[in-house]
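Written below as structure tokens is the structure these notes are about.
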Amino acid sequence: KFKKMQSVIKLFGIYLNSFDKQTDLLKIAFSILPKIFEWDEKFWNLKRQKIKNRDGWWQDGYFRNNCLPVIIKKLIENESYPFVSSFKEHAQKMEEKMNKIINTTDRKKYNNYINQVFSCFFVIFFNHTKLNQESSFSRSAGYNFPNECQITMSNIDKKNKNNKTILIRITYTFIKWARSIAFFTKDENQNLTAAVNLLFPKVHSSLFTVFLALLFNFKREIKYAIEKKPNFRILPFFYEFFVSSGDDDKDREEELLELDKRKKEEKEETIQIILKFFNLWGDLSERYKEDFTEDEWNNWKNMEENDREKIFTKIKIKKLKEVKIELENLEIKEIPNEEYRQENKKNCLELIELLI
């Protein structure tokens, strides 16, 4: 086993040394990338089984840390985004494998491994992806990012629970990565802008921006989130139904009605995305203990999931109403060239009302 694994590392090393000469991007995405994931899991299993090599424990992160960055960077530079579909196919296999694990400890270990793979893959992806010239003005142009990997309500397949699980893992990876860079620079972070627009193509730009501002607000103060200008932007849609200015009034009226309909759909999508994919309340019962009744708290551990959800829904509504009151009483200083502050407050109030 040691000789076999040693040979694998040497062969991948040789391949990476000549990687600049590789031009078949589809082969890289759908043949080479799956092999990297396959061998990464084999190395992880060796470490889990405590099989030693001559130098000690196997470096189970070799393929994630040494091979993935080189390959993903090349594919992104050539705007060959189907490789994300290749990863999703592998993710489906991992989820199916985990569902078959009966032992609770083994299942937990494999779940942690899946999270490590997601984190490594998407952090590399987020750190290198940028908007191309075409899509610098609209989310509806310029990218061949696979639709099935985007965080949208239409991608929740009721017949395939693994699909939603995968999209939730992508979302959580995005949150962890984005939290460390949002607001920390005055200039726009192009990686963050690209990641938000690629992953969330159907959200309402203004409402989702203020939501992320609140989510990534490291000071945990509403005023800071409102007054601080985000270092990312969510691009608007330029809808295809807008035609030349020579159209008659009737056509123009129909277009405006269609635009209003699209905006309402975006708002609905935004609220559903927040509630389905950013619902981090499940493990926060201790933090919100004071909001429970004595009976609810005493019986919490023995409750069915539906009953727990009802309690948390009640608590969330209460907290949102408190935030709304705080926002309504919040005084925003008028500063020249920073008119966005009042707009942020207005958008934030609308978001809170819709969430309630």
Under the side-chain contact (heavy atoms from CB on, under 4.5 Å) criterion, do D187 and N231 qualify, and how do the steps go?
CA-CA 6 Å; D187 297 328; N231 61 343; over 6 Å; no

Evaluate the criterion side-chain hydrogen bond (donor to acceptor under 3.5 Å, both in side chains) for residue pair K229 and N344; output intermediate values, then yes/no.
CA-CA 9 Å; K229 189 174 183 178; N344 282 351; over 6 Å; no

Using side-chain contact (heavy atoms from CB on, under 4.5 Å), reason through Y62 and W39 one step at a time and then give a plain yes or no.
CA-CA 9 Å; Y62 170 78; W39 281 100; over 6 Å; no

Go through the steps to decide whether K74 and D20 satisfy the test salt bridge (Lys or Arg N to Asp or Glu O under 4.0 Å), and finish with yes or no.
CA-CA 8 Å; K74 182 182 182 75; D20 287 342; 5.1 Å; no

Should N347 and F211 be marked as a side-chain contact (heavy atoms from CB on, under 4.5 Å) after you check the CA-CA gap, both sets of side-chain angles, and the distance that decides it?
CA-CA 9 Å; N347 291 330; F211 167 71; over 6 Å; no

Could you check E227 against R341 for salt bridge (Lys or Arg N to Asp or Glu O under 4.0 Å), going step by step and ending with a plain yes or no?
CA-CA 5 Å; E227 293 184 345; R341 294 176 174 219; 3.6 Å; yes

Candidate pair Y113 and D40, rule side-chain hydrogen bond (donor to acceptor under 3.5 Å, both in side chains), full reasoning:
CA-CA 10 Å; Y113 169 71; D40 183 76; 2.6 Å; yes

Salt bridge (Lys or Arg N to Asp or Glu O under 4.0 Å) between K316 and E309, worked out
CA-CA 10 Å; K316 281 185 273 189; E309 185 61 34; 3.7 Å; yes

Derivation and outcome, side-chain contact (heavy atoms from CB on, under 4.5 Å), residues I181 and F232
CA-CA 10 Å; I181 58 174; F232 63 91; over 6 Å; no

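Checked by atom type, the side-chain pair N99/N162 shows a donor-acceptor distance below 3.5 Å. Checked by atom type, the side-chain pair E269/T152 shows no donor-acceptor distance below 3.5 Å.
Ring geometry for F43 versus F63: interplanar angle over 60°, hence perpendicular rather than tilted (30 to 60°). Using cut-offs of 30° and 60° for the angle between ring planes, the F200 and F208 rings count as tilted.
Salt-bridge formation is detected for the pair E350/K267: a Lys NZ or Arg NE/NH1/NH2 atom is positioned less than 4.0 Å from an Asp or Glu carboxylate oxygen. Ionic pairing of E41 and K97 is present here: one or more N-O contacts between side-chain nitrogen and carboxylate oxygen are shorter than 4.0 angstrom. Between E353 and K324 there is a salt bridge, with a side-chain nitrogen of the basic residue lying less than 4.0 Å from a carboxylate oxygen of the acidic one. The existence of a salt bridge linking K223 and E326 is excluded, since no basic side-chain nitrogen approaches an acidic carboxylate oxygen closer than 4.0 Å. Using a 4.0 Å cut-off between charged side-chain N and carboxylate O, K35 and E38 make a salt bridge. One finds a salt bridge joining R262 and E258 here, because a Lys/Arg side-chain nitrogen approaches an Asp/Glu carboxylate oxygen to under 4.0 Å. Ionic pairing of R233 and E188 is present here: one or more N-O contacts between side-chain nitrogen and carboxylate oxygen are shorter than 4.0 angstrom.
The shortest heavy-atom contact between R64 and P69 is O-CD, 3.3 Å.
Residues I317 and F278 fall within the same hydrophobic cluster, defined by Ile, Leu, Val, Met, Phe, Trp and Tyr side chains chained together at heavy-atom separations under 4.5 Å. By the rule that hydrophobic residues join a cluster once side-chain heavy atoms approach within less than 4.5 Å of another member, F19 and I32 end up as members of one cluster.
Around NZ of K314, the count of heavy atoms belonging to other residues, nucleotides or ligands within 6.0 Å exceeds 12. Heavy-atom contacts from other residues, nucleotides or ligands closer than 6.0 Å to NZ of K276 number 12 or fewer. By the 6.0 Å contact criterion, CD on E328 is enclosed, its count of non-hydrogen atoms from other residues, nucleotides or ligands being greater than 12. No more than 12 heavy atoms of other residues, nucleotides or ligands lie within 6.0 Å of NZ in K93, so this atom counts as exposed by the packing criterion. Shown here is K42, whose NZ atom has more than 12 heavy atoms of other residues, nucleotides or ligands within 6.0 Å.
By the 4.5 Å heavy-atom criterion applied to side chains, K346 and L349 are not counted as neighbours. Residues F12 and N66 form no side-chain contact, since every pair of their non-hydrogen atoms from C-beta on lies 4.5 Å or further apart. No side-chain heavy atom of K176 sits under 4.5 Å from any side-chain heavy atom of S119. The shortest side-chain heavy-atom distance between F277 and I170 does not fall under the 4.5 Å cut-off. Contact check for K261 versus L257: no side-chain heavy atoms found under the 4.5 Å cut-off. Using a 4.5 Å heavy-atom threshold, the side chains of F83 and F30 count as separate. Two residues are said to be in side-chain contact when any heavy atoms from C-beta on lie closer than 4.5 Å; S18 and Q22 meet this criterion.
One finds the CD1 atom of I166 at 3.5 Å from the CD atom of Q92 (value rounded to the nearest 0.5 Å). Residue H204 holds its NE2 atom at 6.5 Å from NZ of K263, rounded to the nearest 0.5 Å. Interatomic distance, N299 CG to D307 CG, rounded to the nearest 0.5 Å: 10.0 Å. Once rounded to the nearest 0.5 Å, the distance linking OH of Y110 with CE of M98 reads 9.0 Å. In this structure, CD in E95 is found 7.5 Å from CG in N111, a value given to the nearest 0.5 Å. The CD1 atom of I151 sits 4.5 Å away from atom CG of L167, with the distance rounded to the nearest 0.5 Å.
The ring-ring contact (aromatic ring centres under 6.0 Å, His included) test with F122 singles out one residue from F174, F87, Y172, and that residue is F87.
You'll find the ring centres of W300 and F312 inside the 6.0 Å limit.
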